[in-house]
There are 2 protein chains.
Amino acid sequence: MSNSQVSKDPVREEILSKAAELLGRFGFKKTTMEDIARAIGKSKSALYYYYKTKEEIFEAVVAVDMDENRRLTEEMMATVETAPEKFRLMFTTVFGNIREKIDKFSVFRADVMENPALMENIGKERDSYMETLLHDLILYGIKRGEIRAMSDEEISVWTKVTNMTMRAIGQRLFLEDNFAYVEKHLDFLAGTFLNGIMKK
Amino acid sequence: MSNSQVSKDPVREEILSKAAELLGRFGFKKTTMEDIARAIGKSKSALYYYYKTKEEIFEAVVAVDMDENRRLTEEMMATVETAPEKFRLMFTTVFGNIREKIDKFSVFRADVMENPALMENIGKERDSYMETLLHDLILYGIKRGEIRAMSDEEISVWTKVTNMTMRAIGQRLFLEDNFAYVEKHLDFLAGTFLNGIMKK
DNA sequence: TTTTTGACCATTTGAGTAAAATAGTCGAGA
DNA sequence: TCTCGACTATTTTACTCAAATGGTCAAAAA
């Protein structure tokens, strides 16, 4: 689910690979379709055979990164058994990934600032994925008797707010450097978040 | 503490009152110092006798509103005894206030978008106030034996993240209307946040 | 002393213009 | 199925000029 269908098409892969390089270097605005086309030795029009718009290429590039993060996160979560442990690992892994991606995506800051719509689709996609992950995790924990029973609506709200909080923390990690000390306490935070819904 | 010293100066009060009206109607950018000055029957230069910059006037106007919110919040918190009850009331009261202020401040959205620095001072002020409030509340709860003992650093992190989360929720309430249902569950949320640090 | 003012300055903003760049389309053809 | 060059419609850029605006200051008024 939600993989960025790069697979099995060498041209698409080449486009995405070069696009990632150029976008990463010059940002969205300063990278033209011409640039990308030239870089793979094709004409601009050819790109439009594979991708409908420039935004679509951008989103595909980011999706590759997101898939990588997801793989990593789920891989980590699979190494432990209980819901609390999984939650803690998810919490810390997600932020670990963010730290790595800060440099890579700092070029887009200006682009996103003046065109918030750029990240809208990606953001929604990410939200829905994270919420699903959290949702499933809670159900899993309830089934195992580690998390207290909650109504569907409560689960949904907790899920949304927890995701929101993680995003807020992520943004801080992204923007402010003095928030490094939050990083040291991710485990403590995951704990308090989880305690709130643990079985007594 | 942190009152906006409007008191005892009728001219400053008049400036702020008219400025609030104009700023609320036209926003920051479209309200000129001339406009404000004319509205109170003085020359533009006179404003600079009372306030150093246009931003200072803006901040003072917002500060009046913040003071009102603070008074209300602390008033509500004073009506109950225990730390958990105080926290719940703080949580719900703060968001109740936000709901009311949405219309009032929607004019500034464009201004803040293209000039984030406008809200920087105000935001920092607000953060530090909220964090102090939360900090004191935790100490109070620990003293009463309702909240489990925590290190200073843990308290500080919990405080920052809780404030961050409240701000994130507030922003959602501000921007998105479909988040109305979060409002219905504020009490549940306050509960889960608090459970995380309650004494077992 | 405290408050207010108009003249003044330095910068920013707004409207307008023309040329260049760019995203996206299309029919022809490999 | 895939690629291309020519083409179009729209944006962007660089530029100019006049008006507007935030802020200063010395002098006057209260």
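In the text below, chain A, chain B and the rest are named by the order of the sequence lines, each starting its count at 1.
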Using atom [atom1] of [X] as one end and atom [atom2] of [N] as the other, report the distance to the nearest whole Å.
X: B/Glu14; N: C/dT3; atom1: CD; atom2: P; value: 14 Å
X: B/Glu34; N: C/dT5; atom1: CD; atom2: P; value: 11 Å
X: B/Lys42; N: D/dG23; atom1: NZ; atom2: C1'; value: 19 Å
X: B/Leu23; N: D/dG22; atom1: CG; atom2: C1'; value: 15 Å
X: A/Glu56; N: C/dA23; atom1: CD; atom2: P; value: 15 Å
X: A/Lys54; N: D/dT11; atom1: NZ; atom2: P; value: 14 Å
X: B/Tyr51; N: D/dT21; atom1: OH; atom2: P; value: 22 Å
X: B/Arg12; N: C/dT2; atom1: CZ; atom2: P; value: 15 Å

Using a cutoff of under 3.5 Å, can you pull out all pairs of nitrogen or oxygen atoms linking the protein to nucleotides 6-13 of chain C, with atom names and distances?
from, atom 1, to, atom 2, distance (Å)
C/dG6, N7, B/Ser45, OG, 3.3
C/dG6, O6, B/Ser45, OG, 2.3

Worksheet entry | With sequence neighbours excluded, residues passing ring pair (Phe, Tyr, Trp, His ring centres under 6.0 Å) with A/Phe28 | A/Phe58
Item to complete: May I ask you to check whether A/Asn115 and A/Lys29 show a side-chain donor-acceptor distance below 3.5 Å?
Response: no
Practice prompt. Go through the side-chain N and O atoms of A/Asp35 and A/Thr32 and say whether any donor and acceptor fall under 3.5 Å apart.
Written response: yes
Item to complete: Look at the aromatic rings of B/Phe108 and B/Phe105 and report parallel, tilted or perpendicular, splitting at 30° and 60°.
Response: tilted
Item to complete: Just say parallel, tilted or perpendicular for the rings of A/Phe87 and A/Phe91, cut-offs at 30° and 60°.
Response: tilted
Item to complete: Kindly write out the residues that satisfy side-chain hydrogen bond (donor to acceptor under 3.5 Å, both in side chains) with A/His135, not counting sequence neighbours, or none if the list is empty.
Response: none
Practice prompt. Report yes if at least one side-chain N or O of A/Tyr49 is closer than 4.0 Å to OP1 or OP2 of D/dC2; otherwise report no.
Written response: yes
Worksheet item: Is it true that B/Glu75 and B/Arg71 make a salt bridge, defined as a side-chain N closer than 4.0 Å to a carboxylate O?
Response: yes
Worksheet entry | Residue B/Tyr50, side-chain atoms from C-beta onward, closest of D/dG23, D/dT3, C/dT4 | C/dT4
Practice prompt. With DNA chain C as reference, determine whether A/Met33 or B/Leu47 sits nearer its 5' end, using the nearest nucleotide of each.
Written response: B/Leu47
